[in-house]
Amino acid sequence: MLKNYNKDFKFNIEKFYKDYLIGAKIFKNRDALESSYIPEELPHRDRQIREIAEKTACALFGDTPPSFLCYGMTGTGKTATIRYVSQKLAQQDMENKPWWIYINCNVVSTPYRILAHIYNTIARKEKIPPTGLPKDIIFKRLLGLLDQKVGNSICFLVLDEIDILIENKKAGNEILYDLTRLNVNLDVCKTSLIGISNKLKFKENLDPRVISSLGKESPIIFHPYNANNLKDILRDRANIAFYDGILKEGVIELCAALAAKEDGDARKALQLLRKAGELAERAQNKTISTDFVERAQLDLEKDYIKEYILGMPLQAQIILTAIYLILKFSRERNIVISGDIYGVYAEITQIIPGINQLTKRSISDYVNELALAGIITADTKSMGFYGRTKIINLDIDMKIAEGILRKIDKIKDILNYQPVMTQTDRVKLRNDVFKKLI
DNA sequence: TATCCACAGGAAATCAGGGTGT
DNA sequence: ACACCCTGATTTCCTGTGGATA
């Protein structure tokens, strides 16, 4: 049946657009606050720029630059600096401009796809299919293409988030080894690898053969920005992004301070500023005050959690639901252990149609992932005679969790289901024991 | 001090679903 | 149609483990 809407409350889209156009303009150039934006100047990265320039300058003479690594936490400007230097190098007067091929190993995450990605970016047309061919065939085709298309100039292969590649130790090392050996098999073209990593210790998992070529050069370290550094970066970007006089006193300082707390993450700082601007814009405000920054921070956090959970595989969502239900229905509300999760999970997979039940081993992995994302905390604890287990807590508000889970079709109907497990005394009994021991 | 709980988590195998060239 | 390839998710098999208990 149709609802009888009050006419006065009807959303007038025409008027909305009109008001929107007349209303305060905040953004002059929104893109300047994207982390992919390469500004004219990169504040506080002089040393890194110089080091990278020194290592790559021999490309000007057509010599092969050495392969090297860049380390630094997220938002310390690694990718931006590389892109910056590559732009500058391309502006120099030289016969054969070098090629730069960017590979984000988080997106292009398998050996086959890395080779295919390199091939396809150079070839433009006549692409290699996304799957189906043997790897060595692609490798040979790639060699031919490099010699033919890149000719006697340099091809830089930038592997961003290279640590993700090594998570699969065997396959990751194999492809890296293959890439380092490209030069040996090439006739005219030369390649040079640049690895970008968030984790300092990722080198531990690297094959010695790979280290010998990728780790010979001293790595370039990107230290986190401090609050003052971040202020400089934000000021530069804000000048491009906003109209004059939009930013109120203290906005940049607050963004910088908040991001400095998060390991000096410049990406975070820019996100805060952009979100604050968007909130002000939506509120049809003429200026951005620190209030908007505070709201932006809450919003960003909520958005992140929501998007993460809704983007998880259904099985992971069900496991989160199991944790939620245990906390909701067990009388001792604060303790969840892995065994209980599995029990309740097994129960609800029976209720939801079309779901198959996974093994404990897989669930253990999913629980770890949830913990890594900051949705739950999971600390392994030895209970001596009572075995070893993980003590799990929901790290987000129960209400928020419920709101998000309610958006998932297959789950929304079971959020009031009381698991049999929590009705028996088993959970309570265990909780009593654990409580004493913790 | 040996035992033993209740799991953790690594490595390799398997499976299904996407594709290939011949 | 066929033999074969790559990938991601999962299973199977397995070894490891901290400390309360007997």
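Note that the structure is a prediction, hence the values are computed from the model and not measured. A, B, ... follow the sequence lines: proteins, then strands. Residue 1 opens every chain.
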### Message
Pairing donors with acceptors under 3.5 angstrom, does anything connect the side chains of Tyr345(A) and Gln357(A)?
### Response
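No, no side-chain donor-acceptor contact under 3.5 Å.
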
Do the side-chain N or O atoms of [X] get closer than 4.0 angstrom to the phosphate oxygens (OP1, OP2) of [N]?
X         : N       : value
Ser382(A) : dA6(B)  : no
Ser109(A) : dG8(C)  : yes
Tyr386(A) : dT21(C) : yes
Asn368(A) : dA8(B)  : no

### Message
Any heavy-atom pair between the side chains of Ile252(A) and Leu230(A) that's under 4.5 Å?
### Response
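They are not in side-chain contact.
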
Once you round it to whole Å, what is the distance between [atom2] of [N] and [atom1] of [X]?
X         : N       : atom1 : atom2 : answer
Ile114(A) : dT7(C)  : CD1   : P     : 10 Å
Leu165(A) : dG8(C)  : CG    : P     : 11 Å
Ile363(A) : dT12(C) : CD1   : P     : 13 Å
Met383(A) : dT3(B)  : CE    : P     : 24 Å
Ile138(A) : dT7(C)  : CD1   : C1'   : 14 Å
Ile392(A) : dC7(B)  : CD1   : P     : 10 Å
Tyr112(A) : dC4(C)  : OH    : P     : 18 Å
Lys360(A) : dG9(B)  : NZ    : P     : 15 Å

### Base versus backbone protein contacts along nucleotides 11-22 of chain B [heavy-atom cut-off under 4.0 Å; B, S, -]
-------BBSS-

#### Entry: Heavy atoms of other groups near Lys203(A) NZ, more than 12 under 6.0 Å
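Counting other residues, nucleotides and ligands, NZ of Lys203(A) exceeds 12 neighbours.
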
Given [options], identify the nucleotide with an atom nearest to the side chain of [X].
X         : options                 : result
Ser338(A) : dA8(B), dC5(C), dG8(C)  : dA8(B)
Arg113(A) : dG8(C), dC7(B), dC5(C)  : dG8(C)
Thr359(A) : dT11(C), dC7(B), dT7(C) : dT11(C)

### Task
In sequence, state the C-alpha distance, the side-chain angles, and the governing distance for Asn416(A) and Lys328(A), and then conclude on side-chain contact (heavy atoms from CB on, under 4.5 Å).
CA-CA 9 Å; Asn416(A) 286 318; Lys328(A) 185 170 176 181; 2.9 Å; yes

### Query
Tyr366(A) near the nucleic acid: base, sugar-phosphate alone, or nothing, with a heavy-atom cut-off under 4.0 Å?
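Sugar-phosphate, no base atom in range.
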
### Task
May I ask you to say what Ser362(A) touches in the nucleic acid, namely base, sugar-phosphate or nothing, with a heavy-atom cut-off under 4.0 Å?
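Touches a base.
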
#### Entry: First of Phe385(A) and Arg388(A) reached from the 5' end of DNA chain C, by closest nucleotide
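Between the two, 5'-proximity favours Arg388(A).
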
### Message
I'd like to know if the side chain of Asn29(A) and the backbone of Asp31(A) have a donor-acceptor N/O pair within less than 3.5 Å.
### Response
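Pair found, side chain donor or acceptor close to backbone of Asp31(A).
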
### Residue list, ring pair (Phe, Tyr, Trp, His ring centres under 6.0 Å) with Tyr324(A), at least two apart or on another chain
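By the ring pair (Phe, Tyr, Trp, His ring centres under 6.0 Å) rule, Tyr324(A) matches no residue at all.
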
### Task
Please list all pairs passing the ring pair (Phe, Tyr, Trp, His ring centres under 6.0 Å) test where one or both residues lie in residues 152-184 of chain A, with sequence neighbours left out.
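Residue pairs passing ring pair (Phe, Tyr, Trp, His ring centres under 6.0 Å), neighbours aside: Trp100(A)-Phe156(A).
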
### Message
Just checking Phe242(A) against Phe27(A), ring centres under 6.0 Å apart?
### Response
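So the answer is yes for these two rings.
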
